Enquirer: 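Take a look at the following structure, please.
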Number of protein chains: 2
Amino acid sequence: MTAKISPELPERLVAAALAALERGEDVGLRALARDTGVSAMAPYRHFRDKDALLAAVAMRGFADLRDQLLAANAAPDPREALVAQGQAYLAFARARPALFRLMFAGHDGGPPPIEDNAYGVMVRRVRELAPVSLEAATLACWSAVHGMATLALDGGLSPDGSSVEHAALKMIVAGISAAKRS
Amino acid sequence: MTAKISPELPERLVAAALAALERGEDVGLRALARDTGVSAMAPYRHFRDKDALLAAVAMRGFADLRDQLLAANAAPDPREALVAQGQAYLAFARARPALFRLMFAGHDGGPPPIEDNAYGVMVRRVRELAPVSLEAATLACWSAVHGMATLALDGGLSPDGSSVEHAALKMIVAGISAAKRS
DNA sequence: CACTGTATGATTACGCTGTAAACATCATGG
DNA sequence: CCATGATGTTTACAGCGTAATCATACAGTG
């Protein structure tokens, strides 16, 4: 009665986790295994423990986020592009809140939250604005956007205040592009 | 064999939770009750469920945070004061990371993360800088500081990069004080 | 082809958790 | 003096993460 079907259990587990997150449920190894039609211990053949699985899910999330940022990066003007990236970041957090929170929940072994090229997508644009104090400018920009997303999820922001958010983002890039030296 | 001693179980439970958080352990109702020398079900006489207890803990955290911000608010110049507040906010998050994360973890029934006067402490200073676009400026400032704190906890920032952080904070207030209209 | 090692999954079991239900004990006010 | 409500205890149950052990199927080698 061994199944041994269908492609790659790990992928199906991660997919099931993403689905559960989208559904607003809280993910658990057992429920996850049940959804995948497999025994409770099966996931342990592919992930050291629950955190390892969640780290894999988070990585998928970071990849998606990077794609969203890239898609929003079209404008030639760096200021416009950065604001658009910020809005995309916010939209991602609001569209998939549980996943977003998981991504930044600090599961020990996982990758740093600033992952892969999602970071690079932004840094390239910031460099056009503030090449001398790049580090500080990048930190300011990313912090502001990430903080706004977090506050939005936790109820501090009204979900329809997009014009205020837009104005705030413009202030940030203004402050950044005004920097001459550290 | 009924204890019925000592002042107010709820306070002692919250205190035990804070202690456990400070110790880096993860809080649980049972362990909490054990630390307090009381039975596992006792907390339910004072809190509807675990989330309610955590919400109380979070409120205590917000009060502490507000005090830190007030203490950092001394400088007469609003720009300096805001930067100092940001640094205090960061210091709080780094000094008590588990509590900070709990405060913004979005336990349903709790208060909004921007709590009490902690918010007001900052808003008053922002108003001196950008009275016309207050909403956006406040959002920009709070978002940046909160995002920096979150990123710091999740390993994205080096713990000794305080000069970069300082520069980033200055950029933020520069962008805010440059705002003339929305 | 038979044989064996390795990868994958299933079973079982343990201690932990949050919490529902029923019971005991006290302080208090009619 | 006794009923009543507030507080804490005991017992019980379902769910969780995971350690240990067993079963199966496939791959490579003789």
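Note that the structure is predicted; figures quoted are calculated from it, not measured. Just so we're on the same page: letters track the sequence lines, and every chain starts at 1.
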Enquirer: So, the side chain of Asp51(B) versus the backbone of Leu54(B): is there a donor-acceptor pair under 3.5 Å, distance only?
Expert: no
Enquirer: Between P on dC13(D) and CE on Met41(B), what's the gap in Å once rounded to a whole number?
Expert: 15 Å
Enquirer: To the nearest Å, how far apart are Leu29(A) CG and dG15(D) C1'?
Expert: 13 Å
Enquirer: Could you give the CZ-to-C1' distance, from Phe47(B) to dA20(C), as a whole number of Å?
Expert: 19 Å
Enquirer: Can you say whether the rings of Phe100(A) and His146(A) are parallel (under 30°), tilted (30 to 60°) or perpendicular (over 60°)?
Expert: tilted
Enquirer: For Arg34(A) and dT11(C), give me the distance from atom CZ to atom P, rounded to whole Å.
Expert: 14 Å
Enquirer: Separation of Tyr44(B) atom OH from dA12(D) atom C1', in whole Å?
Expert: 14 Å
Enquirer: Counting side-chain heavy atoms from CB outward, which of dA13(C), dT10(D), dT19(C) is closest to Ser39(B)?
Expert: dT10(D)
Enquirer: Sort and list the pairs that fulfil salt bridge (charged side-chain N to carboxylate O under 4.0 Å, His left out) and have at least one residue in residues 121-138 of chain A, not counting sequence neighbours.
Expert: Arg125(A)-Glu128(A)
Enquirer: How many whole angstroms separate atom CD of Glu8(B) from atom C1' of dG8(D)?
Expert: 14 Å
Enquirer: Given dG8(D), is OP1 or OP2 found less than 4.0 Å from the side-chain N or O atoms of His46(B)?
Expert: yes
Enquirer: Kindly write out the residues that satisfy salt bridge (Lys or Arg N to Asp or Glu O under 4.0 Å) with Arg94(A), not counting sequence neighbours, or none if the list is empty.
Expert: Glu165(A)
Enquirer: In this structure, how many angstroms lie between the P atom of dG17(D) and the CZ atom of Arg48(A), rounded?
Expert: 17 Å
Enquirer: Classify the nucleic acid contact of Ala42(A) as base, sugar-phosphate or nothing, counting any heavy atom under 4.0 Å across all strands shown.
Expert: sugar-phosphate
Enquirer: Rounded to whole Å, how long is the line connecting atom CZ of Arg45(A) with atom P of dA25(D)?
Expert: 16 Å
